[in-house]
Every structure is written in C-alpha cells, then in structure tokens.
Amino acid sequence: MLDVRRREFIALLGGAVAAWPVVARGQPSKMARIGALYIGLADGESFKNGLREGLHELRYVEGQNIAFEFRSADGNLDRLPELAAELVRLRVDVIVALYVPCALAVKQATRDIPIVIIAGDPVETGIVPSLARPGGNNTGVSLMGAPANGKNVELFRDMLPSVRRVGVLGNAANPVFAKAMLDEVLLAGGPTGTEIHPVLMIRGPDELESAFATMVKERADAIVVQGDLAIKPVTDMAIKYRLPTASTTRAFADIGGLMSFGADGPASFRHGARFVQRILQGKLPKDLPIEQPTKFELAVNLKTAKAIGITIPETFLLRADVVLD
C-alpha cells in the first residue's frame with residue numbers, strides 16, 4: 001500500500017513539475033517597467049520593435065513580466081526634457097534613450113534611474129567620461145555615428161568619382177553631436193581630396209527649401225545629413241533638387257535617401273536590450289562598459305538614384321548590404 005502511494009506521489013510530483021510555468025525555469029517573474037525615449041524619426045518603429053524583440057529573446061514577455069512606457073518627441077527636440085521628466089516621475093526601472101539628444105535629456109533628468117543609451121559617440125558628446133568606465137547611472141551602446149558620417153564622404157567618392165565638393169546638413173537643435181559629426185566629415189575630406197562646403201545648420205523642416213537651394217548655389221555635389229535629420233522632408237527635398245544624400249541610419253535609405261552607412265539599427269536595439277536585462281538582474285550601470293557595434297550596414301536606394309539621374313557602378317552595388325529598388 002505504501003509503495004502504491006509512493007508511486008502516486010512521485011507521479012503527481014512529476015506532473016506538477018511538467019506543469020510549472022516557464023517563470024519557474026528561469027524566466028524573470030517581476031513586472032519590470034521600461035521607459036524608452038526617442039526623437040520620433042523614421043526609425044522609431046524599428047527601435048520599438050527591436051527593443052521588444054530583444055527583450056523577448058531574453059524571456060521578458062510584454063504584459064507578463066515587462067511593461068513599456070514609450071515616449072516620442074515627434075521630431076521636436078525641445079520636447080525631450082519634459083518627456084524625460086515624465087519617465088522619471090513614473091519611476092520606471094530603466095530608461096532606454098535613443099540617440100544623443102535623448103541621452104542628454106535623460107541624463108539631466110535623473111541621476112538615480114539606470115539609463116541605457118543607444119547613441120553616437122557618448123564620450124565626445126559628454127554623455128559619459130569613458131566607454132570602459134561610464135560611471136554614474138549610464139551604460140549602453142555607442143553607435144559610432146560621427147565616424148560613420150566621415151565614412152559617407154569616402155563612400156560618395158567611391159560611388160560617384162565626379163564628387164569633389166560635399167555639403168553638410170546639420171541640426172542646429174543638436175549642436176553637441178553636430179560638432180562631433182562635422183569634425184569627422186572634415187577629417188575624411190582631406191585624404192579623399194574632397195572639399196567640405198557648404199556647412200548648413202537648420203532648426204526644422206521649414207528651413208529645408210532654403211538650405212537645399214543654397215547647396216545647389218554653392219555647387220555641392222552631394223550632402224552628408226546628420227542622423228537626427230533622417231526625415232522624409234529631407235529626402236523629398238533631395239530628390240527635388242537632384243542631390244545625392246547620405247546619412248548614418250538605415251531608415252534614411254528606406255524613406256528615400258540615396259545611401260546610408262552606419263551601425264545596424266535593429267541589431268543595436270537588440271544589443272541595448274541585453275543591457276536592460278543585466279540591470280534588471282542587479283548589475284550597476286557604472287560597472288557595465290559601453291560597447292560598440294559589431295555590425296555596420298551599407299544601404300543604397302536605386303529608386304532614388306534613378307529619380308535624381310545618376311548611375312551607380314555595379315562594383316559599388318556589390319559592396320552594399322542592402323539594395324533598395
């Protein structure tokens with residue numbers, strides 16, 4: 001009789017183990033609240049999807065053990081401080097900040113809540129003192145955005161050997177990164193024999209018409225566009241004025257820019273998710289060195305090339321990771 005009961009107990013225990021939820025096998029069980037701040041450019045949806053997917057791969061399921069508080073500035077950088085303050089008031093567990101303006105806004109808003117940045121050149125822009133020792137409450141991924149802008153100058157010369165003068169379109173509302181970007185573009189101009197001119201800083205879409213007219217007047221052969229100006233009005237204006245443009249975000253090529261070169265966006269967003277996981281597991285941001293991307297992506301938009309009347313050599317297209325047609 002005892003043996004029968006023992007067998008029944010073991011069978012019951014086995015069934016209970018099989019029925020345990022995934023949480024009991026290592027999935028995080030506490031409901032974590034993740035704040036996320038982004039500018040609201042063309043890659044906003046990619047950012048949200050990448051962050052969600054990255055955390056899902058790490059066994060965080062939205063609505064079960066994680067909740068998101070996404071805040072978009074809808075392209076208006078002046079809104080970032082108030083949105084950052086709102087996330088702080090919500091007392092989220094971690095804030096993920098996409099791009100330099102968001103990272104700086106969140107840094108100003110809190111010294112207590114852990115911050116995961118996904119931003120270009122965090123040392124040069126003053127977000128952290130060092131990649132290896134970020135200190136404070138910041139860690140995350142450096143997108144190396146400024147050097148990628150410099151690389152776009154080289155790529156223009158490879159794509160279009162006739163390019164001799166490259167203009168720069170920067171964001172006056174984000175002067176910290178604009179300077180870092182311009183320094184890299186000027187540095188790249190020298191070895192390639194490319195004149196960097198004109199350099200124009202705008203504050204919004206209403207200044208685009210005048211800026212592109214100036215680019216044409218000053219005989220710019222191509223334009224490097226700051227990453228946080230990767231918006232449809234810029235690509236539409238470039239097609240109107242038949243000017244080749246390049247930026248650092250893949251979304252720029254997706255919405256009509258001729259070329260983009262930079263860190264693989266979706267991969268970087270998933271990379272950032274791993275930092276969120278480490279913090280939720282108890283790691284301190286100051287003890288997590290900021291990491292650099294391992295994958296860069298060159299995208300070319302053939303439809304745009306046709307619209308502005310240029311032919312891209314086959315040898316260049318073979319170098320591209322993505323060809324949009």
Open item on the list: Regarding Asp321 and Lys295, does a basic nitrogen lie under 4.0 Å from an acidic carboxylate oxygen?
Closed with: no
Open item on the list: Membership question, hydrophobic clusters at under 4.5 Å side-chain separation (ILVMFWY): are Leu284 and Val116 in the same one?
Closed with: no
- [ ] Compare every heavy atom of Pro205 with every heavy atom of Ile231, then report the nearest pair and how far apart it is.
- [x] CD1-CG, 4.2 Å
TODO: Taking the side chain as every heavy atom from C-beta outward, state whether Val128 and Ile290 have any pair of such atoms under 4.5 Å apart.
DONE: yes
Task: Asn301 side chain vs Ala253 backbone, donor-acceptor pair below 3.5 Å - done: yes
- [ ] Looking only at non-hydrogen atoms, find the nearest pair between Pro129 and Pro134 and report the distance.
- [x] CD-O, 3.2 Å
- [ ] Compare all side-chain heavy atoms of Leu87 with those of Glu69 and state whether any distance is below 4.5 angstrom.
- [x] yes
TODO: Check whether any side-chain N or O of Asn65 sits under 3.5 Å from a backbone N or O of Arg59 as a donor-acceptor pair, and report yes or no.
DONE: yes
Open item on the list: Nearest 0.5 Å, please: how far is CD1 in Ile115 from NZ in Lys107?
Closed with: 8.5 Å
Open item on the list: To the closest 0.5 Å, what do you measure between CZ (Arg79) and CD (Glu82)?
Closed with: 5.0 Å
Open item on the list: What's the separation between atom CG in Asp254 and atom OG1 in Thr249, rounded to the nearest 0.5 Å?
Closed with: 8.5 Å
- [ ] Say whether, by atom type as modelled, one donor and one acceptor occur between the side chain of Thr110 and the main chain of Val106 under 3.5 angstrom.
- [x] no
Task: Gly120 backbone acceptor or donor facing Ser142 side chain under 3.5 Å - done: no
Task: Ion pair check, Lys240 and Asp236, cut-off under 4.0 Å - done: no
Task: Phe156-Leu187 co-clustered via ILVMFWY side chain contacts under 4.5 Å - done: no
Open item on the list: I need the minimum non-hydrogen distance between Ala180 and Ala146, along with the two atoms involved.
Closed with: O-CB, 3.5 Å
- [ ] Starting at CG of Leu77, measure out to CG of Asn171 and round the result to the nearest 0.5 Å.
- [x] 5.5 Å
TODO: Report yes if the side chains of Leu155 and Met259 come closer than 4.5 Å at any heavy-atom pair, otherwise no.
DONE: yes
- [ ] Would you give the length of the straight line joining atom OH of Tyr241 to atom CD1 of Ile223, rounded to the nearest 0.5 angstrom?
- [x] 10.5 Å
Open item on the list: Within this structure, what is the CD-CZ distance for the pair Gln277 and Arg274, rounded to the nearest 0.5 Å?
Closed with: 9.0 Å
Open item on the list: Under a plain distance cut-off of 3.5 Å, with no hydrogens placed, do Arg157 and Thr194 share a side-chain donor-acceptor pair?
Closed with: yes
Open item on the list: A side-chain contact here means heavy atoms from C-beta on lying under 4.5 Å apart; do Arg270 and Leu55 qualify?
Closed with: no
Open item on the list: Main chain of Gly256, side chain of Thr304: is a donor-acceptor contact present, judged purely on distance under 3.5 Å?
Closed with: yes
TODO: Can you spot which of Val96, Ile279, Leu280 makes a side-chain contact (heavy atoms from CB on, under 4.5 Å) with Pro114?
DONE: Ile279
Task: Side-chain ion pair, Lys283 and Asp287, N-O less than 4.0 Å - done: no
Task: Side-chain (Ser210) to main-chain (Glu207) donor-acceptor, under 3.5 angstrom - done: no
Task: Over all atoms of both residues, closest heavy-atom pair of Leu80 and Ala105 - done: CB-CB, 3.8 Å
- [ ] I would like to know whether Leu98 and Leu37 meet side-chain contact (heavy atoms from CB on, under 4.5 Å); could you show each step before the answer?
- [x] CA-CA 6 Å; Leu98 179 63; Leu37 182 62; over 6 Å; no
- [ ] With the side chain counted from C-beta on, respond yes when Glu45 and Asp43 share a heavy-atom pair under 4.5 Å apart, and no when they do not.
- [x] no
Task: Pairing of Arg52 and Glu62 as salt bridge, 4.0 angstrom limit - done: yes
Open item on the list: For Asp74 and Ser72, which I'm curious about, is there any donor-acceptor pair between the side chains at under 3.5 Å?
Closed with: yes
Task: Under 3.5 Å donor-acceptor, Thr192 side chain and Glu154 backbone - done: no
TODO: Give a yes or no on whether Phe252 and Leu324 share a hydrophobic cluster (residues Ile, Leu, Val, Met, Phe, Trp, Tyr; joining criterion: side-chain heavy atoms under 4.5 Å apart).
DONE: no
Task: Arg33 (side chain) donor-acceptor with Leu90 (main chain) under 3.5 angstrom - done: yes
TODO: Answer yes or no on whether Arg71 is positioned over the face of Tyr38, meaning its NZ or CZ is under 6.0 Å from the six-membered ring centre and within 45° of the axis.
DONE: no
- [ ] Evaluate the side-chain proximity of Ile117 to Tyr99: yes if any heavy-atom separation is below 4.5 Å, no if none is.
- [x] no
Open item on the list: Quick check: closest heavy atoms across Leu317 and Leu302, and the distance to 0.1 Å?
Closed with: CD2-CD2, 3.9 Å
Task: Validation row: Leu229, Ile202 side chains within 4.5 angstrom (heavy atoms) - done: yes
Task: Leu288 with Val94, same ILVMFWY side-chain cluster at under 4.5 Å - done: yes
Task: Same apolar cluster: Phe68 and Leu58, side chain cutoff 4.5 Å - done: yes
- [ ] Grab the two heavy atoms, one from Gly227 and one from Thr248, that are nearest each other, plus how far apart they are.
- [x] CA-OG1, 3.9 Å
- [ ] Start with the C-alpha gap between Leu169 and Leu208, add the side-chain angles, then the distance that decides, and say whether side-chain contact (heavy atoms from CB on, under 4.5 Å) holds.
- [x] CA-CA 9 Å; Leu169 187 65; Leu208 283 173; 4.0 Å; yes
Task: Where at least one partner belongs to residues 253-289, residue pairs that pass ring pair (Phe, Tyr, Trp, His ring centres under 6.0 Å), sequence neighbours excluded - done: Phe47-Phe269, Phe261-Phe296, His271-Phe275
Open item on the list: Determine whether a donor-acceptor pair (N or O, by modelled atom type, separation under 3.5 Å) exists between the side chain of Arg165 and the backbone of Glu218.
Closed with: yes
Open item on the list: With salt bridge (Lys or Arg N to Asp or Glu O under 4.0 Å) as the criterion, how do Arg319 and Asp158 come out once you've worked through the C-alpha distance, each side chain's angles and the decisive distance to 0.1 Å?
Closed with: CA-CA 11 Å; Arg319 295 166 55 184; Asp158 293 345; 3.2 Å; yes
Open item on the list: Salt bridge or not between Lys151 and Glu184? Use side-chain N to carboxylate O under 4.0 Å.
Closed with: no
Task: From CA spacing to verdict: side-chain contact (heavy atoms from CB on, under 4.5 Å), Leu131, Val123 - done: CA-CA 7 Å; Leu131 296 183; Val123 175; 3.9 Å; yes
Open item on the list: Within the 4.5 Å heavy-atom criterion, are Pro313 and Thr311 side-chain neighbours or not?
Closed with: no
TODO: Give the C-alpha distance, both sets of side-chain angles, the deciding distance and a yes or no for side-chain contact (heavy atoms from CB on, under 4.5 Å) between Phe316 and Val300.
DONE: CA-CA 9 Å; Phe316 188 87; Val300 178; 3.8 Å; yes
TODO: For the pair Arg111 (side chain) and Gln108 (backbone), establish whether a donor and an acceptor sit closer than 3.5 Å, ignoring hydrogens and angles.
DONE: no
